[in-house]
Colleague: 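A single structure is presented below for examination.
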Amino acid sequence: VRIPSMMLFKPEADKLKKQLMEGNFRRLQLSWPVPPAINGRTVYSLWMTPDDLLSHHFLTSFRDAAIALGDKAIFKPKMFIKDGTEKGCRKYEESESDPCPGFCTNNGRYCEPRSYYDFEVYDNKGTRMVVESLRRACIWHVYGEGDGLGVEWWTYVQMWIQRCGASHSSSSCSMDLFETAGIDGQLVEECMVESGNFRGDTTNLFLDNYLDEAADYDISFTPALFVNGAVIRGSLTFGTSLEAICTTYDENDTPDICYAWTACAESCSSEATCAIVGEQCVEYQVPTFNYDGINYDDDYIENEQAITI
């Protein structure tokens, strides 16, 4: 057996063989369809880090679509972090020097994956990103777990990308966004503390859960989108994500935004990526960036040089 190979059950293979021997050409297609919605509801989850540029244009464009999907879809944001114990970053005694300064929280238990575009100048950015991951987990816990939509979470993340970002990330910048996003900062702060905080030699409930789930799903890079448990390959764009979600519904139970997207996609230029914002179909260019002389866009994961973490 050579790799790659396709194997068929003998009855189906015999039918195909007969057609070919008779000189009839047949086109075969391999596909892995996304599992259908259960009781009319689809679950989609996105694994990300706060400083993941490749997820930013999705996160800033998909809020209106998430709202339009309503109760027919449940969103589950997942923050990707690294196990500091496995990375050798644990600090077991207060007198010890920090093995991974600027990367981790909780005495080295939880660390941010090293970014592909920022290998040398860190300035505690990794620590700040783990804290931001916990903050987002708590915003979702307070505002999103109940309805699976979390409008406040989407609004906050959009604003964080636009106003804070990795280069200006701080607790004060994040908290400045709370009022506009409709978030009670005290509830979020209580959640962060009660789950185990990010200071000292303690474990954190949310961060431990992320580590366990990442191991279960074999997550090794971000962004990674799952729809009803199936990983969605290719570019993380508004269109590919919404199409994957829309294919899970029965024809008579398809949300209106799926039909709106079909019309939008047909009118979209091949040189741009489109999204539905409000009721409008708009175009935007897929962001590209350069690292070590190599240009990347949101298909970067296909380049082996870009996935080392």
Side-chain angles (χ1 to χ4, degrees), residues 45 47-52 76-115 118-145 150 152-153 156-157 159-161 163-179 181 183-217 219-220 222 309:
S45 57
W47 284 91
M48 73 197 95
T49 63
D51 60 342
D52 178 10
K76 294 185 177 182
K78 306 292 184 180
M79 307 309 298
F80 182 49
I81 58 174
K82 281 290 188 177
D83 187 328
T85 302
E86 292 183 358
K87 289 172 67 70
C89 293
R90 280 293 303 277
K91 180 181 176 181
Y92 293 96
E93 300 291 341
E94 289 301 324
S95 59
E96 292 182 31
S97 60
D98 190 344
C100 303
F103 278 88
C104 311
T105 65
N106 303 73
N107 279 30
R109 277 186 170 83
Y110 314 107
C111 304
E112 199 235 1
R114 193 169 236 194
S115 301
D118 191 6
F119 277 100
E120 297 177 358
V121 182
Y122 232 74
D123 190 24
N124 292 321
K125 185 175 73 69
T127 298
R128 296 200 306 270
M129 293 303 98
V130 178
V131 174
E132 175 60 23
S133 295
L134 176 58
R135 184 176 292 112
R136 293 188 189 184
C138 280
I139 292 173
W140 183 259
H141 176 71
V142 175
Y143 294 98
E145 282 189 2
E152 294 85 354
W153 185 94
Y156 168 81
V157 170
M159 295 172 63
W160 187 92
I161 292 170
R163 301 185 187 181
C164 300
S167 59
H168 297 94
S169 177
S170 66
S171 294
S172 59
C173 184
S174 296
M175 289 187 288
D176 286 345
L177 307 177
F178 284 170
E179 183 175 355
I183 292 172
D184 186 330
Q186 183 174 348
L187 291 178
V188 174
E189 181 66 24
E190 289 175 357
C191 170
M192 293 174 71
V193 172
E194 291 173 2
S195 63
N197 214 330
F198 55 87
R199 300 183 179 91
D201 190 15
T202 61
T203 58
N204 185 280
L205 175 64
F206 291 116
L207 300 182
D208 273 343
N209 286 342
Y210 287 145
L211 289 177
D212 291 342
E213 289 185 69
D216 290 342
Y217 282 90
I219 304 298
S220 57
T222 62
I309 297 176

Colleague: In residues 207-215, what donor-acceptor pairs under 3.5 Å come from side-chain atoms, sequence neighbours left out?
Modeller:
unit_1 : atom_1 : unit_2 : atom_2 : d
Asp208 : OD1    : Tyr110 : OH     : 2.9
Asp208 : OD2    : Tyr110 : OH     : 3.4
Asn209 : ND2    : Leu205 : O      : 3.3
Glu213 : OE1    : Lys78  : NZ     : 2.8
Glu213 : OE2    : Lys78  : NZ     : 3.4

Colleague: Run the side chain to side chain contact (heavy atoms under 4.5 Å, CB included) test on Met192 and Val131 for me, step by step, so that the C-alpha distance in whole Å, both residues' side-chain angles and the decisive distance to 0.1 Å come before the verdict.
Modeller: CA-CA 9 Å; Met192 293 174 71; Val131 174; 4.1 Å; yes
Colleague: Under 3.5 Å, is there a donor-acceptor pair between the side chain of Asn107 and the main chain of Tyr92?
Modeller: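 Checked: no pair found.
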Colleague: Would you say that Arg136 contacts Pro77 through its side chain, given a criterion of any heavy-atom pair below 4.5 Å between the two side chains?
Modeller: no
Colleague: Nearest 0.5 angstrom please: Ile81 CD1 to Ile219 CD1, how far?
Modeller: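 Reported value, rounded in 0.5 Å steps: 13.0 Å.
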Colleague: Would you check if the side chain of Thr49 reaches a backbone N or O of Phe80 as a donor-acceptor pair within less than 3.5 Å?
Modeller: no
Colleague: Could you tell me if the side chain of Thr127 sits less than 4.5 Å from the side chain of Phe103, heavy atoms only?
Modeller: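 Not in contact.
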Colleague: Can you see which heavy atom on Phe206 is nearest to which on Cys138, and at what distance?
Modeller: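 Scanning both residues completely, I find the closest heavy atoms to be CE1-SG, 3.8 Å.
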Colleague: Please round to the nearest 0.5 Å and tell me the distance separating atom CG of Asp184 and atom CD of Glu189.
Modeller: 11.5 Å
Colleague: Between CD1 of Ile139 and CG of Leu134, what distance do you get to the nearest 0.5 Å?
Modeller: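 The CG atom of Leu134 is 10.0 Å from CD1 of Ile139, to the nearest 0.5 Å.
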Colleague: Taking Asn204 for its side chain and Asn197 for its backbone only, find out whether a donor-acceptor pair lies under 3.5 Å.
Modeller: yes
Colleague: Just verifying a value: how many Å separate Ile183 CD1 and Met175 CE, rounded to the nearest 0.5 Å?
Modeller: 12.5 Å
Colleague: To the nearest 0.5 Å, what is the distance between CZ (Arg135) and CE (Met129)?
Modeller: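 So the gap between those two atoms works out to 9.0 Å.
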Colleague: Parallel, tilted or perpendicular: which one describes the rings of Tyr156 and Phe178, with boundaries at 30° and 60°?
Modeller: tilted
Colleague: Quick one: are the Cys100 and Cys111 sulfurs under 2.5 Å apart?
Modeller: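 A disulfide is absent here, as the SG pair of Cys100 and Cys111 is separated by 2.5 Å or more.
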Colleague: Looking at every heavy atom in both Pro99 and Lys91, which two are closest together, and how far apart are they?
Modeller: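 Shortest heavy-atom contact: CD-CB, 4.2 Å.
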Colleague: Step by step, would you call Val130 with Phe198 a side chain to side chain contact (heavy atoms under 4.5 Å, CB included)?
Modeller: CA-CA 8 Å; Val130 178; Phe198 55 87; 6.0 Å; no
Colleague: Is there a side chain to side chain contact (heavy atoms under 4.5 Å, CB included) between Trp153 and Val142? Walk through the geometry before answering.
Modeller: CA-CA 9 Å; Trp153 185 94; Val142 175; over 6 Å; no
Colleague: Tell me, please, which residues at least two apart from Cys164 pass side-chain contact (heavy atoms from CB on, under 4.5 Å).
Modeller: Trp160, Cys173, Leu177
Colleague: Any non-hydrogen side-chain atom of Lys82 less than 4.5 Å from a side-chain atom of Glu112?
Modeller: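 A side-chain contact is absent here, since even the closest heavy-atom pair is not under 4.5 Å.
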Colleague: Take His141 and Leu187 through the side chain to side chain contact (heavy atoms under 4.5 Å, CB included) test and state the conclusion after the steps.
Modeller: CA-CA 10 Å; His141 176 71; Leu187 291 178; over 6 Å; no
Colleague: Given salt bridge (Lys or Arg N to Asp or Glu O under 4.0 Å), test Glu132 with Arg128 step by step and report yes or no.
Modeller: CA-CA 6 Å; Glu132 175 60 23; Arg128 296 200 306 270; over 6 Å; no
